[in-house]
Number of protein chains: 2
Amino acid sequence: MKHKPTDYDNTFSIDNVIFGFDEGSLKVLLIERAEEAFIGKMALPGNLVRHDENLDLGASRILYELTGLKDAHLEQLYTFGDINRHPLGRVITVAYYSLIRIKKYKLQPKISFAKRAAWIPVAEIPQLAFDHNVIVEKALDRLRGKLRYKPIGFELLSEKFSLSQLQDLYESILLIAIDKRNFRKKILSYDFLIALNEKQKDVSHRAAKLYRFDKKRYELLDKKGINFEL
Amino acid sequence: MKHKPTDYDNTFSIDNVIFGFDEGSLKVLLIERAEEAFIGKMALPGNLVRHDENLDLGASRILYELTGLKDAHLEQLYTFGDINRHPLGRVITVAYYSLIRIKKYKLQPKISFAKRAAWIPVAEIPQLAFDHNVIVEKALDRLRGKLRYKPIGFELLSEKFSLSQLQDLYESILLIAIDKRNFRKKILSYDFLIALNEKQKDVSHRAAKLYRFDKKRYELLDKKGINFEL
DNA sequence: GCAAAAGTGTTAACTTTACACCCATGT
DNA sequence: ACATGGGTGTAAAGTTAACACTTTTGC
């Protein structure tokens with residue numbers, strides 16, 4: 001680069017918005033910061049990106065280091081670059097987001113940058129470091145938008161789930177009420193759910209049939225131009 | 001920042017994908033580079049961003065300097081950060097995109113970085129500098145996706161347009177055929193087009209009635225939860 | 001036996017699709 | 001008078017929305 005570093009060099013970070021669903025509510029993975037700038041505050045798991053590392057890989061690395069999570073299938077969300085978003089200088093941040101099954105992972109930060117990592121219900125998110133509340137809002141918008149026209153709800157549930165669990169998920173994330181019969185008819189009509197010969201256990205009422213999402217089947221249908229909605 | 005510059009400092013740029021529609025086909029605004037790295041090649045109008053400038057403002061500034069265009073209502077598209085995307089070092093680029101009325105603007109670069117600026121039909125885009133072909137593809141995907149469920153086609157047409165012009169636009173961008181009667185019924189049923197007391201001029205056949213898009217009306221309907229599709 | 005959630009069909013309203021001819025204007 | 005695109009309605013098919021009771025299970 002022929003320009004003076006002071007004019008054009010910037011610092012880049014990545015922040016990850018990881019959603020999970022548990023006990024009937026949507027949660028976000030947050031860390032408690034153990035370092036300068038907003039020390040002690042909750043924040044998204046994010047950090048600076050190395051200049052020899054691709055963004056997507058950087059996102060995975062940072063997520064792993066701060067929370068112990070691997071293989072989260074991160075997707076780029078938006079880039080935030082207001083000049084004053086970081087108190088210690090200009091840092092442009094590329095936000096990534098992902099949906100995961102909470103129970104599949106154990107949280108344990110690998111570096112001291114994060115004091116701890118925790119799942120916080122979306123409705124109870126405190127004031128976060130930097131502009132992280134804005135980033136979470138953007139991710140929520142995206143999640144809600146996508147949930148309506150891509151079958152991604154399954155990524156938040158355990159592998160086997162009941163139709164009621166799935167309906168609860170839609171209702172609580174999209175903040176809408178859905179008719180039970182119509183919901184079942186519709187979701188089953190897409191033909192990408194496989195009914196298992198298995199039922200719920202340890203419930204104090206009639207046990208529901210369990211299903212799993214057949215991703216291969218969905219991709220086939222998707223290629224044929226069938227498009228999911230709600 | 002407490003880190004060594006060499007580990008974490010990056011250079012970042014903004015690249016703009018500006019779409020226009022003219023003579024029945026979708027076009028992209030490209031410049032011919034007059035500077036090092038891919039000199040002489042066509043490229044998206046993009047440049048480095050100053051460290052004291054917000055991303056959105058940087059996008060407008062760069063677009064203006066390289067093409068003379070102002071007020072293009074730019075929207076952030078995606079951030080591209082592969083380590084090898086720029087031959088002279090690492091440059092992360094934030095891509096923006098916009099739809100404009102070609103005829104409303106005159107192209108004239110304000111700085112020597114661009115030798116010239118030109119509208120190139122999407123079907124005839126040559127090999128571009130850097131990863132700009134990939135960026136254009138991403139913008140096209142976004143445009144096509146958005147065109148189906150947001151009434152943005154009007155941004156590409158002149159203020160007054162006929163329904164056939166609008167239909168042509170949809171058909172040629174989405175690469176689909178639409179039934180004329182059904183199209184008219186549907187688009188008029190949304191009630192955000194205003195029929196003008198005016199007809200086409202200088203056509204060698206029956207002149208079509210002209211309409212304009214009533215943005216305020218659309219926003220009102222949008223707030224009420226009416227959602228546009230196709 | 002009761003509390004709690006699972007499971008199940010039908011009808012009316014609405015939306016989408018398919019389809020073909022006459023009209024106005026310029027040459 | 002002909003070529004070019006403008007303009008218009010209806011019916012069948014498909015989709016969505018509204019709606020309530022019976023079944024299973026654990027306590």
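Numbers restart at 1 for each chain; the letters A, B, ... are given by sequence-line order, proteins then strands.
No donor-acceptor pair closer than 3.5 Å links the side chain of B/Arg212 to the backbone N or O of B/Ala195. The backbone N or O of A/Ala43 sits nowhere less than 3.5 Å from a side-chain atom of A/His132 that would complete a donor-acceptor pair.
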What side-chain donor-acceptor pairs closer than 3.5 Å can you find for residues 108-128 of chain A, not counting sequence neighbours?
| residue | atom | partner | partner atom | Å |
| --- | --- | --- | --- | --- |
| A/Gln108 | OE1 | A/Lys110 | NZ | 3.4 |
| A/Lys115 | NZ | A/Glu32 | OE2 | 3.4 |
| A/Arg116 | NE | A/Glu32 | OE1 | 2.8 |
| A/Gln127 | OE1 | A/Lys41 | NZ | 3.0 |

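Salt bridge present: A/Glu75 and A/Lys146 bring a charged side-chain N and a carboxylate O closer than 4.0 Å.
Rounded to whole Å, atom P of C/dA5 lies 10 Å from atom CG of A/Asp168. Protein atom CZ of B/Phe183 is 16 Å distant from nucleotide atom C1' of C/dT17, rounded to whole Å. Atom pair B/Leu166:CG and D/dG6:P shows a separation of 12 Å (rounding to whole Å applied). The interatomic distance linking A/Gln165 (CD) with C/dA5 (C1') rounds to 12 Å, in whole Å. Rounded to a whole Å, the NZ atom of B/Lys209 is 15 Å from the C1' atom of C/dC23. A/Leu188 has its CG atom 12 Å from the P atom of C/dG9, to the nearest Å. Computed from coordinates, the A/Gln167 CD to C/dA6 P distance equals 9 Å when rounded to whole Å.
Remark: A/Ser164 is in phosphate contact with C/dA6, judged by side-chain N or O atoms under 4.0 Å from OP1 or OP2.
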For this session: Encode nucleotides 17-27 of chain D as B, S and - characters from 5' to 3', where the letter depends on protein heavy atoms closer than 4.0 Å: B to the base, S only to sugar-phosphate, - to neither.
Result: BBBB--BBBS-

For this session: Start with the C-alpha distance between B/Glu155 and B/Arg101, add both sets of side-chain angles, then the distance that settles salt bridge (charged side-chain N to carboxylate O under 4.0 Å, His left out), and finish with yes or no.
Result: CA-CA 6 Å; B/Glu155 296 172 25; B/Arg101 309 188 214 281; over 6 Å; no

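Ring orientation note: the planes of B/Phe192 and B/Phe154 are nearly perpendicular, at an angle over 60° on the 30°/60° scale.
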